[in-house]
Amino acid sequence: MRHLAHDLLAPVPGTARQINSFHFGPQAAQKKAYIQASLHADELPGMLVAWHLKQRLAELEAAGQLLGEITLVPVANPIGQEQVVMDMPLGRYDLESRENFNRAFINVSQQVGDEVEALLNDDAAHNLRVIRASMKRALDAQVPTTQLRSQRLTLQRLACQADVVLDLHCDFEAVAHLYTTPEAWERVEPLARYIGADASLLASDSGGQSFDECFSLFWLQLQQRFGERFPISQGAIAVTVEHRGVLDVSHEQAAADCQAIINYLTHFGVIAGDAPALPALRQPATPLAGVEPVTTPVGGLLVFNVTPGQIMATGDLIAEVIDPISDSVTPIYCSTAGLLYARSMRRMATAGMAIAHVAGAQAYRSGYLLSP
Ligand SMILES: [Zn+2]
């Protein structure tokens, strides 16, 4: 195992933070995987999964079982880890800029496309090498001007050569689910099976330039630009894995998720051996544009009628919102049928707030598809 520390731009002198990366397996290997945890800093189940992975990958490396290089970043957001205000961790948004930590990763596909256009030919493997090298140069040439941008760029540089990128998150109260693209789904489906995902939400471009999409969109855009003239493979498949809810930090669950990821990397050919038989897919993949964010039109005390993992029919009661002053009780129903995969942790709802998410089978939304 190699341990590297990457300095972030310090906002003021004397306060530098670092991203720590751990590298397992042969550096010159053709196949590469990248795994990071807790980009939203208070989403910690994935960090425990990463810690379990660290032990297992060291054992596999010592046993000569790693066929590819696996990079692990267990603490992907040191800025956010320190954002504890009045005993509350606030790890989703950067307090200085108010930006979501998992948005606005750089898109270098236009620049890379311009650079490689004259170098592409009929050999897909050649094109893959040329594009990856150009992507690395483009990211290396970026000069971040804030600590947040420096953090994003450091993560993007560490992951940009990987064939598979796993970004480990969690929701508030949720069952296991994941986000990826329709183009990558066939290759991601084994991960959904091993991890027991109850929902797999697919979108090519959800509009936020999140970490997974800064890789999947990059390759998709190059395919769209050059696909009719040159063979361009899907250079990276990228997945955001949601390891249930924020309180679901347990050794039992983390060890199981760690094993699921090892099984997937074995299936993918980064780890030697035969991957275990694929379990059944718990639910078919559905479009991210089919997700209903169930919202409340009024504020008040939120009392749920359902828990994550339940299948909803159109018009099912999700919760009641109670105004203890007027005694009005507002029932909140879903209008989409499907699996309720996540609900809010807050119990005082504010008017307009999304209180739960239901994965519907039919796409009906367009434009920006993510939470703020
Ligand atoms: Zn997250």
Side-chain angles (χ1 to χ4, degrees), residues 19 34-51 53 72-85 88-95 97-105 148 151-152 154-156 158-159 165-181 188 191-192 195 197-203 205-217 238-250 253-254 257 260-261 288 291 293 308 340-346 353-357 359 368-372:
I19 297 281
Y34 174 88
I35 303 166
Q36 70 176 26
S38 305
L39 179 55
H40 288 138
D42 46 357
E43 298 175 0
L44 298 170
M47 192 184 289
L48 186 59
V49 175
W51 183 75
L53 274 169
L72 185 66
V73 176
V75 183
N77 182 359
I79 302 172
Q81 287 304 336
E82 273 195 52
Q83 292 187 167
V84 179
V85 179
M88 286 294 287
L90 300 172
R92 186 172 180 85
Y93 304 93
D94 171 47
L95 285 183
S97 64
R98 302 189 207 173
E99 289 180 29
N100 187 318
F101 283 112
N102 189 22
R103 302 287 183 270
F105 283 86
L148 174 60
Q151 176 169 282
R152 286 183 183 137
T154 301
L155 299 173
Q156 212 170 338
L158 279 165
V165 173
L166 304 182
D167 191 12
L168 311 187
H169 288 244
C170 71
D171 211 301
F172 296 112
E173 294 181 321
V175 289
H177 59 287
L178 56 82
Y179 299 88
T180 190
T181 65
V188 174
L191 177 65
I195 219 136
D198 282 297
S200 299
L201 305 166
L202 309 184
D205 183 2
S206 52
Q209 195 65 9
S210 54
F211 188 71
D212 57 351
E213 285 188 1
C214 84
F215 302 106
S216 48
L217 261 186
V239 191
T240 297
V241 185
E242 303 281 344
H243 293 273
R244 305 167 194 82
V246 287
L247 294 179
D248 296 324
V249 179
S250 74
Q253 194 62 67
D257 287 350
I261 290 174
L288 183 58
V291 167
L340 184 139
Y341 62 90
R343 70 180 195 185
S344 177
M345 281 185 75
R346 289 161 58 184
M353 175 183 138
I355 61 168
H357 287 84
Y368 188 81
L369 296 174
L370 300 171
S371 305

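Every value quoted in this text rests on a predicted model; they were computed, and no experiment measured them. Order of listing sets the numbers, starting from 1, for every ligand and every atom in it. Just so you know, residue 1 is the first one in the sequence shown, and it goes up from there. Any value given below was found using the heavy atoms of this structure, including those in side chains, with hydrogens, waters and symmetry copies removed.
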**Asked** Does the pair R103 and D94 meet the rule for a salt bridge (charged side-chain N to carboxylate O under 4.0 Å, His left out), with working shown?
**Response** CA-CA 11 Å; R103 302 287 183 270; D94 171 47; over 6 Å; no
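Using modelled atom types, one side-chain atom of N77 and one backbone atom of L39 make a donor-acceptor pair closer than 3.5 Å.
Judged purely by distance below 3.5 Å, without hydrogens or angles, the side chains of H177 and D198 never pair a donor atom with an acceptor atom.
Enclosure of atom CZ in F172 is not indicated, since only 12 or fewer non-hydrogen atoms of other residues, nucleotides or ligands lie within 6.0 angstrom.
Classification of the H169-H40 ring pair by plane angle, with boundaries at 30° and 60°, yields perpendicular. Taking the six-membered ring for Trp and thresholds of 30 and 60 degrees, F105 and F211 have ring planes more than 60 degrees apart, a perpendicular arrangement.
For the Zn ion (ligand 1), the nearby protein N/O/S atoms, meaning those under 2.8 Å, are H40 ND1, E43 OE1, E43 OE2, H169 ND1.
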